[in-house]
Number of protein chains: 2
Amino acid sequence: MLTVPFGGAPIFTRSRALRPTGKVLPEHARSHNRSLVLQTLYTSGAQSRADLSRGTGLTRVTVSDLVAGLIAEGLVVELGQREHPRPGKPATLIDVDRAAFQIIGIDLSDHERFHGAVIDLHGAIVSRAELALGAATGEAALALVSDLVRRLIASTTTPLLGVGVGSPGVVDPHGVVTSAPNLGWSDVALQARLAEEFSLPVHVGNDANVAVLAEHGVTRHDDLLLVKIGHGVGAGLIVGGRPVIGGGFAAGEIGHVVVGTDGGPRCACGKHGCLEAWLAVPRLTAQLDAIGDDHRDAGSAREDILREAGRRLGIVLAPVVAALNLSEVVLSGPAELLEGALHGATVDTLRARTMAAHGRDLTLRMTEQAEDVVLRGAAVMVLSGELGVS
Amino acid sequence: MLTVPFGGAPIFTRSRALRPTGKVLPEHARSHNRSLVLQTLYTSGAQSRADLSRGTGLTRVTVSDLVAGLIAEGLVVELGQREHPRPGKPATLIDVDRAAFQIIGIDLSDHERFHGAVIDLHGAIVSRAELALGAATGEAALALVSDLVRRLIASTTTPLLGVGVGSPGVVDPHGVVTSAPNLGWSDVALQARLAEEFSLPVHVGNDANVAVLAEHGVTRHDDLLLVKIGHGVGAGLIVGGRPVIGGGFAAGEIGHVVVGTDGGPRCACGKHGCLEAWLAVPRLTAQLDAIGDDHRDAGSAREDILREAGRRLGIVLAPVVAALNLSEVVLSGPAELLEGALHGATVDTLRARTMAAHGRDLTLRMTEQAEDVVLRGAAVMVLSGELGVS
DNA sequence: CACGTTTGTTAGTAAAGCTTACGAACAAAC
DNA sequence: GTTTGTTCGTAAGCTTTACTAACAAACGTG
């Protein structure tokens, strides 16, 4: 804490409301505006420089100048004149050169195999690759990641914008995997090592945090939560349009929060009634398998299990949804488990346990990107990091 | 949704990772740097222009230029030469003119009376005023606010930087009180009406959201939650250093989240086991009064009640703390109720219901500003809004 | 007392976006 | 076929901003 000259009186101790955020130079402003133009072009599609000027608020002159730079860099191309001309000089359409770059997305969240894909700037998946994890951990697992990236690089047909990785565990803002028990990683500088090895821009994030970026792209909401249900249970959060990482970089780690006040199954962590103990895929399938198909109420028994799981999820989410006034929650995981009874029970529970007025505004839906949420999110992370406003 | 030229392939639909945030002009950069200088001066105290240059990274020339402007506006003053001179030309100390401006803070959260204060730039409370609310609602309550502001203005001894108001209910970013049932307000343009009436800058926010600003000033954490326990229960959140308002401007409204899975007292809202039904001050005092002092186990019975309340609070906070990876939670309300058993039970419950590793990093403490959190937070809001980076 | 150091200012430069002005190319109206 | 009005993209010049370079003033130190 810093001293204050005229001591004595109570003070606003180092008020963070006034929070130094670093100086801003003209070049920063320039790069911001450059990104603004690129973003507008990327999201709104091909258009003229004059359209961009109207869209961004910058003058036609400035837009022309910025666009010239982008064309020189090969990020933007002229597409020729607009098809259905209006009065006046015909517009020259320009667009992000979506065929010029590709992105590699890597998903390390699956327990059995690493997934990867080459994705183009449309978001289309150009090629895929997978590597079985086997029992590999530590350096061996790291080598598998390198291998996967190398294979994918071999299948690219254009220059690469960068590599994005969604990893389980806690990932710090520099792409160091602080801790990922399943992979036997602690303090692995994944970003630095891949960047070094492949001489490419690399971005690394937690799998759920990365996944929510992909969902953010397809929704109008700027506050959303994605719950990723697999071998474990994790969440990714966007609040006010910004990803939340957390002070200890462990935001979204809700798997070991205890649900309810009536006990529950014992969890691997030692506690009873953790969310993960209720909801993790192995746990659910084990319960469902135990029922079998033989006896006559099998169907309704299965539904009871899924409904109870959904209720438990709703119980944990209710305080978060209320505290953040979330407008959308997305579920990611095996559709055959999550859709239907589980989803329904979660919605009902959320409604019943939060203020009615706010509950009405809440959407709970399945991910729109199925198995590829993390892959796509990783690509969005690269897109944002390499082309976006910082 | 906007069309994408080369249809067919799946796309990153209007990716928000690339999110237009508006153009940046040179003057915006200038005002950012101006605020940066002011912030550094405010938080670090009196220093020379050269010190500021080193502190901000701007050149001495630029700092001198910015400071000249601030002096011309009367925000900054020269204090003469530094006392213990080092080699070289003696430095001229400058500082924010903390005696030149005062701020009015208003707290409308109390059920019985509106509180207000004149606060100087040290954060010292210069004078106070209160008005009993009686049964006033709607326009009558609004008139009381005006009255309170008028009285406080009369007691100022310097020009005013502005007026900050912490109001119960839902407050939108333009200072419109969307809904405040206790005051009979809905869609009351409080900010606009006060600004019009007094020709001063006015900032209005939800009471708990405002209170957390005050606590943010006295902590090193950039992720914190303040729980305000009074007639109702509400929360204010700061995530990643930024206040969270919520998509529907109702962030922090956790009073009517249902706690646990074992029922609970009936709440005014109709549900059973809402946080407010467990924890609101009237509820707690009623329970404590029911015990009386006569029978011999009175002390331990009181403690049981408070411990149970604390446990309920912990149950609701656990998912929020885990999801946001919060490092600090602050309690605000009657110290005689919250300190001790209740506080202890909340901590224990939070530890027991979240991951041990993360629980260790968590601090749970009482507010350091006692009754004045909202008043001071309102002042911080003005400080930030009028002098800070936007 | 000469010397080095530090402060704050002056002078000039580079970058960025603005306004103003203009030629080119077209549609619509006559 | 000509005129008119509109739109596009570019060129020139201006203003703002922060930078570098240089310097005078004022102070300790050897």
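Letters A, B, ... are given to chains in the order of the sequence lines, protein chains preceding strands, and every chain is numbered from 1. The figures that follow rest on heavy atoms only: side chains count, while hydrogens, waters and symmetry mates do not.
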Separation of [N] [atom2] from [X] [atom1] (nearest whole Å):
X       : N      : atom1 : atom2 : answer
A:Asn33 : C:dG17 : CG    : C1'   : 8 Å
B:Glu27 : C:dC18 : CD    : P     : 9 Å
B:His28 : C:dG17 : NE2   : C1'   : 12 Å
B:Gln47 : C:dT6  : CD    : P     : 17 Å
B:Arg30 : D:dC19 : CZ    : P     : 10 Å

Do the side-chain N or O atoms of [X] get closer than 4.0 angstrom to the phosphate oxygens (OP1, OP2) of [N]?
X       : N      : value
B:Thr59 : D:dC19 : yes
A:Thr62 : C:dC18 : yes
A:Lys23 : D:dC19 : yes

Does B:Glu78 have any salt bridge (charged side-chain N to carboxylate O under 4.0 Å, His left out) partners at least two apart in sequence or in another chain, and if so, which?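 Salt bridge (charged side-chain N to carboxylate O under 4.0 Å, His left out) check on B:Glu78 returns B:Arg49.
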Which residues pass the side-chain contact (heavy atoms from CB on, under 4.5 Å) test with B:Gln102, not counting sequence neighbours?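 In terms of side-chain contact (heavy atoms from CB on, under 4.5 Å), with neighbours along the sequence ignored, B:Gln102 is linked to B:Val118, B:Asp120, B:Val126, B:Thr156, B:Thr157, B:Thr158, B:Leu160.
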Which residue lies more 5' along DNA chain C, comparing A:Leu58 with A:Gln81 via nearest heavy atoms: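 With A:Leu58 and A:Gln81 compared, the 5'-side residue is A:Leu58.
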Tell me, do B:Arg30 and B:Leu66 make a side-chain contact under 4.5 Å, heavy atoms counted?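 Of all side-chain heavy-atom pairs linking B:Leu66 with B:Arg30, at least one is under 4.5 Å.
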Heavy atoms, side chains only, cut-off 4.5 Å: are A:Leu52 and A:Leu58 in contact?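 Result no, sub-4.5 Å side-chain heavy-atom pair not found.
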Does B:Arg98 count as lying over the ring of B:Tyr42, i.e. NZ or CZ under 6.0 Å from the six-ring centre, within 45 degrees of the axis?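 Pair B:Arg98/B:Tyr42 counts as cation-pi.
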Would you mind building the protein contact string for nucleotides 3-13 of chain D? One character per nucleotide, 5' to 3', B for base within reach (heavy atoms under 4.0 Å), S for sugar-phosphate only, - for untouched. --BBBBBBB--
Can you tell me the Watson-Crick or wobble partner of C:dC30, both distances under 3.5 angstrom?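 WC or wobble partner is D:dG1.
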Does a side-chain N-to-carboxylate-O contact under 4.0 Å join B:Arg34 and B:Glu27?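 Salt bridge absent between B:Arg34 and B:Glu27.
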